[in-house]
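Below is one structure; the comments refer to it alone.
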Amino acid sequence: QGILLSKLDGLVDNAAAVVGYESSSRGVVVELNDGRREEFDVLVGADGIWSSVRAGMYGEAVKEQRGDSRQGCGYSGYTVFAGEAVMPLADYYDVGYNVYIGPKRYFVKSDVGDGRVQWYAFCGMPRGTRFVKDTWEGDTGSTEEDRADIVEYILDLHQGWSPEIEEVLRNTAADSVEQRDLYDRNPLKILFQSWVDDNKRVCLLGDAVHPMMPNLGQGGCQAIEDAYELADKLATFDDVGEALDAYQNARKGRAATVTFLSRLASDLVINAFDTPWSLHDAKGKSWQSYLTFAWKPVLQLLIFPFQFLYLYSYHPTGPMGDLPKELERAWRIRHKTNSEAAFAALRQNPTTAQQSRASFLNANDGDAAAPTSAATLPAAR
């Protein structure tokens, strides 16, 4: 985010959320939450899953709940708890990402730099099962009383799982934990609904049009791909309408496919996963247990390789030569230097070093699911 902002000096107007728009064949008038009305050539709705721009385009009401559907997005069946802390784990420099899977839940641990580990506990629960507040929903944050028992609660959910999960949770301050119910959009809607308004002056991008489950780590990646294609088409076509149509045609199939793959992974864990059958114990005896045992080699040898081959197949600028390896070498040096400094600070002053940073659930992170405004292209003068 900082890198992008450094290239846009003076062009970003923060705290100016788009709440509505009026488009015509000549341009679009944007209404901001501070009462201003501004005119532009194009409005790019990149304002997250509860998009005001999408609401205007599809006739939705922002955040309107209808059963398990919210503003056209379906509840995934999962609520997620997330937290982070500085943790000098034994495998910190060797393992960047761990996933632990069990019946109706899975736990993810990820190195996010500067010595910090971020974790997510995805739990199959009814919508609205709330334990702590969510700043993304406008909450000011939970009180100490709200959060007092949350780490112990999550530990109880994972009793008997890997000792590393307990180590991660025990090293997490309760005030860094947030919770969110997870929603996504139907891949068929992504594929068949237009991403462009009737006047060809407004389009959708990122989570505003294809919010997806985070299982494949593709939410932000697909938004970046959207942005590349949109910029390329606007530079290629003289007519704005042709450019926006070319953009959505280039992106619909891939975005819908990745959303489907992300949803499939969650659905399998909730509906068809259990402790695998084994000759050595009697823990896995359900039909899901036998199925889990049977598909393990299929997942490892067939599905996962082809899935990641597809995810990494987008390279519109061609081969990059040795650049990725050079970037990795530079990153490893920088990563270790910064992390060792964080570990040293933790040893000297544990309380200060563990002061909570915004988690991925915080809107201020600039996560694709929750930006505060939409992007615009200035009107021609």
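Please read all numbers here as calculations on a predicted model, not as lab measurements.
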Hydrophobic cluster (4.5 angstrom, side-chain heavy atoms) - remaining members for [X]:
X      : value
Met320 : Leu323, Leu327
Tyr314 : Tyr228
Leu279 : Trp277, Tyr290, Phe293
Val12  : Leu5, Leu8, Leu11

So how far is it from Tyr312 OH to Gln307 CD, rounded to the nearest 0.5 Å?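 Here the interatomic distance stands at 9.0 Å.
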Nearest-0.5 Å distance that lies between atom CE in Met125 and atom OG1 in Thr79: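 Answer for the CE-OG1 pair, Met125 versus Thr79, is 7.0 Å.
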Whether over 12 other heavy atoms sit under 6.0 Å from [X] [atom1]:
X      : atom1 : result
Asp34  : CG    : yes
Lys296 : NZ    : no
Phe306 : CZ    : no

If you look only at pairs with a residue in residues 19-28, which of them pass as a side chain to side chain donor-acceptor pair (under 3.5 Å), with sequence neighbours excluded?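 Pairs touching residues 19-28 that pass the test: Glu22-Arg37, Ser23-Asp197, Ser23-Asn199.
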Quick one: side chain to side chain donor-acceptor pair (under 3.5 Å) pairs with a partner in residues 337-346, sequence neighbours left out?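 The answer is Tyr93-Glu340.
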By side-chain hydrogen bond (donor to acceptor under 3.5 Å, both in side chains), which residues pair with [X], not counting sequence neighbours?
X     : value
Tyr75 : none
Gln65 : Tyr183
Asp91 : none

Closest contact, heavy atoms only, [X] versus [Y]:
X      : Y      : value
Ser51  : Gln71  : O-NE2, 2.9 Å
Pro88  : Leu346 : CD-CD2, 3.8 Å
Val168 : Met87  : O-CE, 3.2 Å
Leu191 : Lys252 : O-CD, 3.2 Å

Please collect all salt bridge (Lys or Arg N to Asp or Glu O under 4.0 Å) contacts where either partner lies in [range], sequence neighbours excluded, each pair once.
range            : answer
residues 260-283 : Asp184-Arg263
residues 211-221 : none
residues 234-251 : Lys200-Asp245, Glu225-Arg251, Asp226-Arg251

Would you kindly confirm whether Val62 and Val19 end up in one hydrophobic cluster when ILVMFWY residues are joined by side chain heavy atoms under 4.5 Å apart?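 In one cluster: no.
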If hydrophobic clusters are built by linking Ile, Leu, Val, Met, Phe, Trp and Tyr wherever their side-chain heavy atoms come under 4.5 Å apart, do Phe131 and Phe107 end up in the same one?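 Hydrophobic grouping puts Phe131 with Phe107.
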Which label fits Trp331 and His335: parallel for a plane angle under 30°, tilted from 30 to 60°, or perpendicular past 60°?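 Correct class here is parallel.
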Check for me whether the distance between the ring centres of Tyr78 and Tyr106 falls short of 6.0 Å.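 For Tyr78 and Tyr106, the ring centres are under 6.0 Å apart.
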Short question: side chain of [X], backbone of [Y] - any donor-acceptor pair under 3.5 Å?
X      : Y      : result
Arg127 : Ser69  : no
Lys189 : Gly72  : yes
Gln118 : Val112 : no

Under a 3.5 Å cutoff, is there a donor and acceptor pairing between the side chains of Ser289 and Ser286?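 There is such a pair (donor and acceptor under 3.5 Å, judged by atom type) between the side chains of Ser289 and Ser286.
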Modelled atom types, side-chain donor and acceptor of Arg185 and Gln193, under 3.5 Å: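 A donor-acceptor contact under 3.5 Å links the two side chains.
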Would Arg201 pass as a cation-pi partner of Phe40, given that its NZ or CZ must be under 6.0 Å from the six-membered ring centre and within 45 degrees of the axis?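 Because its charged atom misses either the 6.0 Å distance or the 45° angle limit, Arg201 does not stack over Phe40.
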